[in-house]
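Contents: one structure, followed by commentary.
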Amino acid sequence: MKKVTLISGSTMGSAEYVAEHLAEILSEEEFETELHHGPSLNDLPKEGIWLIVTSTHGAGDIPDNLQPFADELSETDIDLSNIIFGAIGIGSSEYDTFCGAIRTLDQKLTEKGATRLGDRLEIDIQEHDIPEDPAEEWLASWKNLL
């Protein structure tokens, strides 16, 4: 059984709901899941599969509950070469910094040696009232890459 560690960063709760929804689907499909809302780097396994789900707020900013994690990635000399990850961002295309948070985290993880599996999903709330729907569709393809 493969284990997926889901990491969410959310200001208003939408990314948290998406992460919980995807964890439920993965569990139903025989994956072991572990869900973290705004974890510390020390809370997470240093090998295996991570699935990052984050909203963007302000000027492309990482949500407050995930900012300490992002800071740890920047400030720590950690090797994440044993991590493969999926990346889902939620934002509004009304802003120039659309999905800036997931783009920043994607870059930070890659710089630390982690490998993104598949394409990054960027959900535009202007097109999708329910972000769980495109995330579920993306997950169907992504999990087949595992």
Side-chain angles (χ1 to χ4, degrees), residues 1-41 43-74 80-146:
M1 178 185 303
K2 291 186 179 177
K3 179 179 179 180
V4 178
T5 301
L6 292 98
I7 302 163
S8 74
S10 193
T11 302
M12 304 296 281
S14 58
E16 192 173 310
Y17 300 141
V18 169
E20 289 170 355
H21 181 68
L22 298 181
E24 186 176 301
I25 292 169
L26 287 166
S27 293
E28 289 171 358
E29 296 182 9
E30 311 276 327
F31 286 86
E32 181 183 344
T33 61
E34 186 176 329
L35 191 56
H36 295 270
H37 301 300
S40 163
L41 193 52
D43 297 334
L44 302 170
K46 303 308 180 283
E47 62 182 25
I49 305 162
W50 291 359
L51 179 51
I52 316 283
V53 182
T54 187
S55 59
T56 297
H57 77 98
D61 299 326
I62 295 169
D64 289 344
N65 74 328
L66 203 54
Q67 188 60 56
F69 169 75
D71 291 343
E72 288 175 311
L73 285 173
S74 295
L80 295 179
S81 60
N82 291 321
I83 296 292
I84 59 172
F85 70 97
I88 299 175
I90 302 170
S92 173
S93 61
E94 290 180 315
Y95 299 97
D96 294 341
T97 55
F98 172 64
C99 284
I102 196 62
R103 293 175 185 180
T104 298
L105 289 171
D106 189 340
Q107 180 180 350
K108 287 178 183 286
L109 290 166
T110 302
E111 288 171 357
K112 297 298 179 181
T115 302
R116 180 167 35 89
L117 185 64
D119 293 332
R120 180 176 60 227
L121 174 63
E122 296 180 353
I123 301 169
D124 185 354
I125 60 168
Q126 298 300 314
E127 295 180 20
H128 302 281
D129 292 337
I130 303 171
E132 289 89 339
D133 291 345
E136 185 174 334
E137 187 177 312
W138 175 90
L139 182 69
S141 298
W142 183 77
K143 67 180 171 44
N144 292 330
L145 299 173
L146 297 174

For the residue pair Leu121 and Pro134, what are the closest heavy atoms and their distance?
-> CD2-O, 3.7 Å
Going by the salt bridge (Lys or Arg N to Asp or Glu O under 4.0 Å) test, which pairs reach into residues 97-109, not counting sequence neighbours?
-> Arg103-Glu122, Asp106-Arg116, Asp106-Arg120
Is it true that a side-chain atom of Trp138 and a backbone atom of Asp119 form a donor plus acceptor pair closer than 3.5 Å?
-> yes
Side chain to side chain donor-acceptor pair (under 3.5 Å) partners of Ser93, counting only residues at least two apart | Asp124
Apply the test side chain to side chain contact (heavy atoms under 4.5 Å, CB included) to residues Thr110 and Phe85: give CA-CA distance (whole Å), side-chain angles for both, the deciding distance (0.1 Å), then the verdict.
-> CA-CA 10 Å; Thr110 302; Phe85 70 97; 4.0 Å; yes
Looking at side-chain heavy atoms only, is the closest gap between Tyr95 and Thr56 below 4.5 Å?
-> no
What distance separates Leu22 CG from Glu20 CD, expressed to the nearest 0.5 Å?
-> 10.5 Å
Euclidean distance, Trp50 CH2 relative to Leu109 CG, rounded to 0.5 Å | 6.0 Å
What's the spacing between Phe31 CZ and Ile25 CD1 if we round to 0.5 Å?
-> 11.5 Å
Would you sort out whether Leu145 and Ile84 count as a side chain to side chain contact (heavy atoms under 4.5 Å, CB included), showing the intermediate values?
-> CA-CA 11 Å; Leu145 299 173; Ile84 59 172; over 6 Å; no
Option from Leu139, Ile102, Ile123 for which side-chain contact (heavy atoms from CB on, under 4.5 Å) with Ile88 holds = Ile123
Say you draw a straight line from CG of Leu117 to CG of Leu146; how long is it, rounded to the nearest 0.5 Å?
-> 5.5 Å
Glu47 atom CD, neighbour heavy-atom count above 12 within 6.0 Å = no
Identify the heavy atoms of Thr54 and Pro63 that sit nearest to each other, and give their distance.
-> OG1-CD, 3.2 Å
Which pairs pass salt bridge (Lys or Arg N to Asp or Glu O under 4.0 Å) with one or both residues in residues 130-146, sequence neighbours excluded?
-> Glu29-Lys143
Compare every heavy atom of Ile62 with every heavy atom of Ala70, then report the nearest pair and how far apart it is.
-> CB-CD1, 3.5 Å
Name the atoms and distances for all side-chain donor-acceptor pairs under 3.5 Å in residues 5-15, with sequence neighbours left out.
{"residue": "Ser8", "atom": "OG", "partner": "His37", "partner atom": "ND1", "Å": "2.5"}
{"residue": "Ser10", "atom": "OG", "partner": "Gly13", "partner atom": "N", "Å": "2.8"}
{"residue": "Ser10", "atom": "OG", "partner": "Ser14", "partner atom": "N", "Å": "3.3"}
{"residue": "Ser10", "atom": "OG", "partner": "Ala15", "partner atom": "N", "Å": "3.4"}

Of all heavy-atom pairs between Ser27 and Thr33, which one has the smallest distance, and what is that distance?
-> OG-OG1, 3.1 Å
What do the steps show when you test Leu105 against Phe69 for side chain to side chain contact (heavy atoms under 4.5 Å, CB included), and what is the final call?
-> CA-CA 9 Å; Leu105 289 171; Phe69 169 75; 4.3 Å; yes
Residues 30-39 vs salt bridge (Lys or Arg N to Asp or Glu O under 4.0 Å), sequence neighbours excluded, gives Lys3-Glu34
Asp96, CG: over 12 other non-hydrogen atoms inside 6.0 angstrom = no
According to the salt bridge (Lys or Arg N to Asp or Glu O under 4.0 Å) rule, which pairs have a member within residues 59-74, sequence neighbours left out?
-> none
Residues, nucleotides or ligands: over 12 heavy atoms within 6.0 Å of Phe98 CZ = yes
